[in-house]
There are 2 protein chains.
Amino acid sequence: MRAALRVIDTEGDRALSMRRVAAELGVYPTAVQHHVNTKEQLLVAVSDAVLDEMVMPSPDVDWVEWLEVFSAQLRAVLHAHPNVVPVMAARLRVATGAFTLSEQLLAALAGAGFTGAALRGAYNSVIGFVFGWIFTELAAEPAADEDAWRQDLRSRLERVDPAEAPTLAVHVDDLRNRAFMMRWMSGQSNPLDDSFEFAVRVMVSGLQAQLDRQ
Amino acid sequence: MRAALRVIDTEGDRALSMRRVAAELGVYPTAVQHHVNTKEQLLVAVSDAVLDEMVMPSPDVDWVEWLEVFSAQLRAVLHAHPNVVPVMAARLRVATGAFTLSEQLLAALAGAGFTGAALRGAYNSVIGFVFGWIFTELAAEPAADEDAWRQDLRSRLERVDPAEAPTLAVHVDDLRNRAFMMRWMSGQSNPLDDSFEFAVRVMVSGLQAQLDRQ
DNA sequence: ACCTGAACACCGTTCAAGT
DNA sequence: ACCTGAACACCGTTCAAGT
C-alpha cells in the first residue's frame, strides 16, 4: 500500500492508522480493511515494499566485495525509510515472500566455500548482523516533547565520573552521540557511517577466519 | 513497573495498555498515569528493567572469553523476556541511564588493545551485532490466527524451484525454520543456538583480525 | 469487487475533584 | 503524594447495506 508508506515516511510509525490511511486516500476507514484485512498485514506489506527496493550486488564479484556492497545497499534502503525500520525489526513475517535475497546471499557464501552447518551459520550471521546492526542504528527517537531526556543524557556525558566509569571517562569524547547507548539522536539524523564500515570489516574478516579453520 | 512486565511477559506486547496495567493493580487507569506520565515512558522503564537483569562477565577473564560470556548472558536475559524484545528494539531511549554495561564493555575492548576510532568501532560492532542479532532472532510471531501464513511458508519451502533458487534448493533441508527469512517460528519457541554461537565466533575472530592489522 | 455508514469495545490522555 | 471519576478524541474491527 503506497499511501501507508507515504504516511509512515512523512509522519512516523506512531501516526499510521487504518483511518489515517483511509483519509490519505479520501475513502472510508472500512474501505481500507477491504483491501488489507488487518493492520498487521498492512505493516508487513509496507516492510516488504521497502525491502523490495533493495538492489542486490552482482553475483560476479568476489564474495568479500559482494558482502560489502550488500551491506551498504541494505543500509541505504533502510536509511531511505527510517520510520519503517522499527516496524520491520519487530516482526518475523517480513521478507518471507520471495526467496531472492536469501538465494543470492546463499550463493555468495557457498561460492566463498561455506557448506552444511557453516553455510547456515554464515548466512544467519550476515542477516542477523547487518539487519540487526542497522535496526539498532535506526531505533526510533522519543517523541518530540521529550528533550528533557536528551538534555539529561548530554549533561551526564559531559561529566562522567572517572571513579565510576574510568574507561568511559577517558574515551567519552570519541563516543558522545556516536556510540550505542550514548546517543540522543537516532541514525536517521546522526548516521554512524564509520562504525558501520568497521563492523562490516569485522564481519567479513570473521567469516574469512571461519573459512580458514575449515 | 513490575505489573507491566508481568502483563507483557504473559500476554504479549500487543496486550499491554495503561488500562490493562491499572486493572492488574486493581486501580483506576489514571492512577497509573500519575506514576509514569506516558505509555512511552512505561515501555522504556520495562525495557530497562529487563536489561537490569543482565549479569556482566568478570573483568578478570581474557577479552575473548569476556565477549563470549557477555553475548551468552545477554541472550539469556532477552530470551527470558522475549515479548519485551520487539519493544526494546524499536526505541533509542533504552539503557541510557547508567553506563555500567558500556563501561565494562569498553574496558574489555580497551584491555584487548583497541584505542581511538577502533575502540568506538569495536564497541559499536559488539553492541550492534549482539543486540541486533538477538533482536532479529526474537522478532514477534504473527498473531495466533495467521497460521495460513505459516502453512504457506512451510509448503513453499517444501518445493523450492531449483531453476529459480538453485543454491537454496540444495541446502533447504539445513535451513528450513532454522534460518532468518525462512522461519515460521520465532526464537522464543525455536532458538537458533548453534547459529548464535557461530555468529559470536565470527564477531570475535573478526575483532581479532582488526587488532592484528593495527 | 468495492465502498458506505453505523456501531462496538477499547485506547491514551486531560482535567477537576477528592483524601 | 496519590487516587477517583467523567470526559475527549482516537483507534481497529464487525456487520449490514448499497452499487
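None of these values were measured; they are calculated from a predicted model. The sequence lines fix the lettering, A, B, ..., with proteins before strands; numbering per chain opens at 1.
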Practice task
Flag the pair A:Arg93 and A:Glu40 as a salt bridge only when some basic side-chain nitrogen lies within less than 4.0 angstrom of an acidic carboxylate oxygen.
Solution key: no

Completion exercise
Of the candidates D:dC3, C:dG12, D:dG12, the side chain of B:Lys39 sits closest to C:dG12

Problem - Lys/Arg N to Asp/Glu carboxylate O, B:Glu158 vs B:Arg154, below 4.0 Å - result: no

Problem - Mutual orientation of the aromatic rings belonging to B:Phe114 and B:Trp63 [parallel < 30°, tilted 30-60°, perpendicular > 60°] - result: perpendicular

Completion exercise
Taken to the nearest whole Å, NE2/A:His34 to C1'/D:dA16 is 14 Å

Practice task
Let me know the distance between CE of B:Met18 and C1' of D:dC3, rounded to the nearest Å.
Solution key: 16 Å

Completion exercise
Assert: residue with more 5' nearest nucleotide on DNA chain C, out of B:Ala15 and A:Gly26, is A:Gly26

Handout entry: Rounded distance in Å - CZ (A:Arg20) to P (D:dC10)
Key = 12 Å

Handout entry: Polar pair under 3.5 Å, donor/acceptor by atom type, side chain A:Ser17, base D:dG12
Key = no

Problem - B:Glu164 atom CD: more than 12 heavy-atom contacts under 6.0 Å - result: no

Exercise for the section: Check the distance between D:dT4's P and B:Leu25's CG and give it to me in whole angstrom. Expected result: 11 Å

Practice task
Would you confirm whether B:Asn124, through its side chain, and A:Phe196, through its main-chain N or O, come within 3.5 Å as a donor-acceptor pair?
Solution key: no

Exercise for the section: Assign the ring pair B:Phe135 / B:Phe131 to parallel, tilted or perpendicular, where the plane angle (0 to 90°) is split at 30° and 60°. Expected result: perpendicular

Problem - For DNA chain C, the dot-bracket pattern of Watson-Crick and G-U pairs whose distances stay under 3.5 Å, | for other-strand partners - result: ||.|||||...|||||.||

Problem - Side-chain N,O (B:His35) to OP1/OP2 (D:dC3) below 4.0 Å - result: yes

Problem - Gap between atoms CZ and P, on B:Arg14 and C:dC10 respectively (whole Å) - result: 18 Å

Handout entry: N or O in side chain of A:Tyr28 less than 4.0 angstrom from C:dG5 OP1/OP2
Key = yes

Practice task
Ignoring hydrogens and angles, answer whether the base of C:dG12 and the side-chain atoms of B:Thr38 contain a donor-acceptor pair closer than 3.5 Å.
Solution key: no

Exercise for the section: Can you tell me the distance, in whole Å, between the CD atom of A:Gln33 and the C1' atom of C:dA1? Expected result: 16 Å

Exercise for the section: Specify the separation, in whole Å, of atom CD of A:Glu40 and atom C1' of D:dG12. Expected result: 12 Å

Handout entry: B:Leu43 CG - C:dC11 P separation (whole Å)
Key = 14 Å

Exercise for the section: Could you tell me whether A:Asp193 and A:Arg75 have a side-chain N and a carboxylate O separated by less than 4.0 Å? Expected result: yes

